[in-house]
Every structure is written in C-alpha cells, then in structure tokens.
Novice: 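Pasting a structure here, questions to come.
Order of appearance sets the numbers: ligands from 1, and atoms from 1 within every ligand.
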Amino acid sequence: MQICSMSVSSFPSAPQLFRVRHGNSLGFPKVTCNEKEILGGGSKNNNRTMFLLGFGYVAQFFAKELIKDGNWKVLGTCTSTTKKKKLEEMGLGVQVFNSSDNEVSCLNSLTDATHLLVSIPPITSGDQVLDRHWNLLQSKLCNENLQWLCYLSSTGVYGDCGGAWADEDYLTKPMSDSGKARLVAEKQWLNLGHDLGVSVQLFRLGGIYGPGRSALDTILKQRSLTDSQRLRGARQYTSRVHVADICEALRASIRKPSSGRIYNIVDDDPASRAEVFAFAHTLIEKKWPGQIKTRNYSDMSGSNNQAQVQPGQKRVSNARLKNELGVQLFHPTYRSGLESIIKSMENPFH
Ligand SMILES: NC(=O)c1ccc[n+]([C@@H]2O[C@H](COP(=O)([O-])OP(=O)(O)OC[C@H]3O[C@@H](n4cnc5c(N)ncnc54)[C@H](OP(=O)(O)O)[C@@H]3O)[C@@H](O)[C@H]2O)c1
C-alpha cells in the first residue's frame, strides 16, 4: 500500500496522545480487549497513522491537511478502483473496501492505525461495517496502537425540535429512517470503542459545504433542485458547517481527546437554504455579471405558503465545540464560507 508521510507537524507527538478508559456507568458489556496491552498505553512507535474508513469529501480534505502538516501516514478506503486510482494520484494510500463484502483482507492495515476516522454512513438497519465486520475490527484494533477513534455522525439524530436550540444533551428523536439508523450506528461505534478501551469522539455534523460542494456549485451547474432539497429549502433553520471547520474540530479533538463526549459541529448561523442560495446568487452575479438567470429563492419549497412549518426544524448549538475543544471557526456564517469559496473559483463560463 502506498503511504504518505512528511516531516513537519503542528500536531502533538504520539506520547502526548492517550487512551481514555471508560467507567461502567454506561452499562456497556465487559471490556474484552487485552487489558495488559491497553494499560501498557501509548503506541509502540512514534509514528502516527490516520486510517480513514471511507475516503469521502471530508476525509479527503482532512487527508490533504494531514499530509501538509507532515509526520502522518495516511491510509484509507473507497469503494471503487476508479476512485482508488484518482486518490492514489493525489498521493494517498488506498484500499478498495465495501462494507457488504465478505472478503476484507483489505482492512489488514487497520492494525497500524493510531487514529481512525469513520465516514461511512449507515444503512437502514445500522452500521454495516460493524454489523458485518465487528470481530475483524476488534481484532485488528485491539492493540496498543489505537489512540483516537472518531465517528462522523449527523445532527439528523435530533429530529424535529420545533425550532428550538439543540445542544448535545437535547433528546434524540430522529424522524427519518436515516436519522434512526445514524443513532443506532452511534451506539454501535461507542460500544466498539468501549470494547477496545478507546473513547469514541462522536461528531454530529450539520450540512457539509466547501469547495466543490456548495450553493455556488449548485447554481453554477444550473441544476434544478431535488424534492428533498426543496423541502429542506423551505426550512427556516438549517445547520451547516464548512469542511475546513470540521477539519479544525478534528485537529482539536486529536490534540485533546475527550472521554466519550459528543460534539455538534455546526456554524453559528442556522439560516434557511433559501437565504443561503440568494446570497450565493448575489456573489456569482457580482463576480460574473449577467451569466446566470435571475431567480427568486424564496420559492424554494415550491409552495407559496412561506409560513408552512417544515419538519426537522432545529437550531443546533456549537457551544461545546467552542468551550471544550476551543475551536475558533474559520467560517462562523455561510457568508464568509461562500465568499472564501468563490474567491478561489476559476471562471466557469469560459
Ligand atoms: N453531506 C452532508 O451534508 C452530511 C451531513 C451530516 C453528516 N454527514 C455524514 O458525515 C460523514 C462524512 O460526510 P462526507 O460528506 O464526507 O461523506 P461522503 O463524501 O458521502 O463519503 C462517504 C464515504 O463512505 C464510503 N462508503 C459509502 N458506502 C460504503 C460502503 N457500503 N462500504 C464502504 N464504504 C462506503 C464512500 O466511498 P466511495 O466514495 O468510494 O463510494 C465514501 O468514501 C458521512 O457519514 C455522511 O453521511 C454528511
């Protein structure tokens, strides 16, 4: 497997990182991982290996940052050989893995992981990676190497909060099948972490945007909105977060792993999608006048009834992210996020 590593780092060195042991208060099953190995603590070597289970949008962005930071081996998985090839061209070490596969020797290098970031979304019954490969993951990760395990979840687990602010202690009551599956998956990863003696960093992400994935891109591609986008567009509040801020939160969590805390990863400004699209439109119009059709985004729902209450309304709080992880957002609002994206965009009309 191809491996990336550089020499300079802004991350703490391995000995500063630590395993956080769980108590029994959560009612988890007895720890089955070799206690002697765990209590030995720390990695055998000083190398840090980030294993990205699912080289998705966030993981790719993060991988590039780690490579730039240096002193990391970055390994990970994707589901197709075509994507593997593209990722390898970017200098990443990649294995093809599909959670529905039975043959998973491609996961053997998990043994080397000092850090594991999980981006693979659940299927309706829960997390397919753990449903099918629990024993394998447990055996590969049950060593003194693994120090940090982060599962990327979604604010969808809160369901409809009637427009109220939802912090991490807010009752989870997902309405959608995907929200319900996500909650099951969160518990499964917490259980694995408990078995391994490693605390799981649980990140509940708002709608992810960034370069190549934003309202600007949707407008520029002149795509018509899907039904689900229209429905979400009609919501008064939608939590979102710029991918650079997710990476910042990941770095903060690596520096200061918590013992099983959940963090909402969202910006300060849960504005409606209609508002975001209108702003994106203005930015494009300013930079490339007369190139896109005028549009009234207040009609995003396809309904004239703006007072119609859409399900899933919530304002997600990021107070814990700031107070405990000490994260200062690069993009506290969609405005600065979109401005930074358009600034580095090449002219799409040439
Ligand atoms: N998009 C959002 O706004 C949003 C909001 C909240 C939470 N989230 C969740 O946050 C996480 C990170 O988001 P993201 O946007 O970076 O995700 P993403 O780009 O959709 O990436 C998902 C990754 O999972 C892999 N994957 C999917 N199904 C798989 C399977 N059956 N077996 C193995 N690998 C599989 C994909 O591989 P391939 O690409 O090779 O197929 C991809 O690498 C995801 O779990 C996502 O669902 C997303």
Novice: Name the closest protein heavy atom to atom 21 (O) of ligand 1, giving the residue it belongs to and the distance to 0.1 Å.
Specialist: G56 CA, 3.2 Å

Novice: I need the atoms of ligand 1 closer than 4.0 Å to a non-hydrogen atom of G207, numbered in the order shown.
Specialist: 3 (O)

Novice: Do the side chains of D269 and R335 get close enough for a salt bridge, i.e. N-O under 4.0 angstrom?
Specialist: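 Looking at D269 and R335, the cut-off is met.
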
Novice: Got the closest protein heavy atom to atom 6 (C) of ligand 1, with its distance?
Specialist: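 Scanning the protein heavy atoms, the shortest distance from atom 6 (C) of ligand 1 goes to L205 O, 3.3 Å.
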
Novice: With respect to atom 16 (O) of ligand 1, which of V266, V58, L52 exhibits the smallest heavy-atom separation?
Specialist: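 Answer by nearest heavy atom: V58.
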
Novice: Can you see whether S253 engages W148 through a side-chain donor-acceptor pair at a distance of less than 3.5 angstrom?
Specialist: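 Looking only at side-chain atoms, W148 and S253 do form a donor-acceptor pair, the distance falling under 3.5 Å.
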
Novice: Any chance the side chains of Y263 and E324 put a donor and an acceptor closer than 3.5 Å?
Specialist: yes

Novice: Please list the nearest protein heavy atom to atom 27 (C) of ligand 1 with its residue and the distance rounded to 0.1 Å.
Specialist: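 The protein heavy atom lying closest is P121 CD, 3.8 Å.
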
Novice: Can you check whether a protein heavy atom sits less than 4.0 angstrom from atom 36 (C) of ligand 1?
Specialist: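 False for atom 36 (C) of ligand 1.
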
Novice: Is G206 in contact with ligand 1, taking contact as a heavy-atom separation below 4.0 Å?
Specialist: yes

Novice: Say whether T77, considering both its backbone and side-chain N or O atoms, lies within less than 3.5 Å of an N or O atom on ligand 1.
Specialist: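 Checking ligand 1 against T77, no N or O pair falls under 3.5 Å apart.
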
Novice: Report yes or no: does S119 have a heavy atom closer than 4.0 Å to ligand 1?
Specialist: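 Yes, that is the case, since the closest heavy atom of the residue is under 4.0 Å from the ligand.
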
Novice: Among all protein heavy atoms in this structure, tell me which lies nearest to atom 25 (C) of ligand 1, with the distance rounded to 0.1 Å.
Specialist: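 Ranked first by proximity to atom 25 (C) of ligand 1 is I120 CG1, 4.0 Å.
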
Novice: Step through it carefully: locate the ring centre of F97, locate the ring centre of H133, and say whether they are under 6.0 Å apart.
Specialist: yes

Novice: Check if Q60 has a non-hydrogen atom at a distance under 4.0 Å from any atom of ligand 1.
Specialist: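 Flag not set, Q60 not near ligand 1.
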
Novice: For A249 versus L321, what's the shortest heavy-atom pair and its separation?
Specialist: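 Closest heavy-atom pair between A249 and L321: CB-CD1, 3.7 Å.
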
Novice: Identify, by atom number and element, the atoms of ligand 1 in contact range of F55, meaning under 4.0 Å from any of its heavy atoms.
Specialist: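 Numbered from 1, ligand 1 contributes 43 (O).
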
Novice: One residue to check: R213. Relative to ligand 1, which of side chain, backbone, both or neither has a non-hydrogen atom less than 4.0 Å away?
Specialist: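 It is the side chain that touches ligand 1; the backbone stays farther off.
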
Novice: Quick check: do V243 and Y209 have side-chain heavy atoms less than 4.5 Å from each other?
Specialist: no

Novice: Looking at atom 19 (O) of ligand 1, what's its closest protein heavy atom, distance included?
Specialist: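 Looking only at protein heavy atoms, the one closest to atom 19 (O) of ligand 1 is Y57 N, 2.9 Å.
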
Novice: Under 4.0 Å from any heavy atom of G54, which atoms of ligand 1 are there?
Specialist: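 Checking each atom against G54, I get 43 (O).
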
Novice: Residue-level breakdown please: for S153 versus ligand 1, do any non-hydrogen atoms fall below 4.0 Å on the side chain, on the backbone, on both, or on neither?
Specialist: backbone

Novice: Please identify each residue that fulfils side chain to side chain donor-acceptor pair (under 3.5 Å) with D177, with sequence neighbours left out.
Specialist: none

Novice: Within the 3.5 Å criterion, strictly below it, is a donor on S105 or N108 matched to an acceptor on the partner's side chain?
Specialist: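 No, N108 and S105 have no side-chain donor paired with an acceptor closer than 3.5 Å.
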
Novice: Need the ligand 1 atom indices (1-based, order shown) with element for anything under 4.0 Å from a heavy-atom of K83.
Specialist: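 So the answer, numbered in order with elements, is 38 (P), 39 (O), 40 (O), 43 (O).
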
Novice: Between R182 and ligand 1, find which residue part has any heavy-atom pair under 4.0 Å and reply side chain, backbone, both or neither.
Specialist: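 It is the side chain that gets close, since no backbone atom is under 4.0 Å.
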
Novice: Please say whether C78 places an N or O atom under 3.5 Å from an N or O atom belonging to ligand 1.
Specialist: no

Novice: Are any of the side-chain heavy atoms of E186 and V157 separated by less than 4.5 Å?
Specialist: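 Sidechains of V157 and E186: in contact.
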
Novice: Numbering the atoms of ligand 1 from 1, which are under 4.0 Å from a heavy atom of S99?
Specialist: 30 (C), 31 (N), 32 (N), 33 (C)

Novice: Rounded to the nearest 0.5 Å, how far apart are CD of E168 and OG1 of T155?
Specialist: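 With rounding to 0.5 Å, CD (E168) is 11.0 Å from OG1 (T155).
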
Novice: Just by distance, with hydrogens left out, do Y334 and E275 show a side-chain donor and acceptor under 3.5 Å apart?
Specialist: yes

Novice: Tell me, which protein residue and heavy-atom name are nearest atom 40 (O) of ligand 1, and how many Å apart are they?
Specialist: T79 N, 2.7 Å

Novice: Would H281 and Y297 count as a close aromatic pair, with their ring centres under 6.0 Å?
Specialist: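 Yes, the ring of H281 comes within the 6.0 Å limit of the ring of Y297, centre to centre.
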
Novice: So which protein heavy atom does atom 33 (C) of ligand 1 come closest to, and at what separation?
Specialist: F97 O, 3.3 Å

Novice: Do Y158 and R204 get their side chains close enough for a donor-acceptor pair, meaning under 3.5 Å?
Specialist: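 Yes, a side-chain donor-acceptor pair sits under 3.5 Å.
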
Novice: Would you tell me which option among I208, L152, V241 has the nearest heavy-atom contact to atom 14 (P) of ligand 1?
Specialist: I208

Novice: When the ring centroid of H242 is compared with that of F330, is the distance short of 6.0 Å?
Specialist: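 When the ring centroids of H242 and F330 are compared, they turn out to be at least 6.0 Å apart.
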
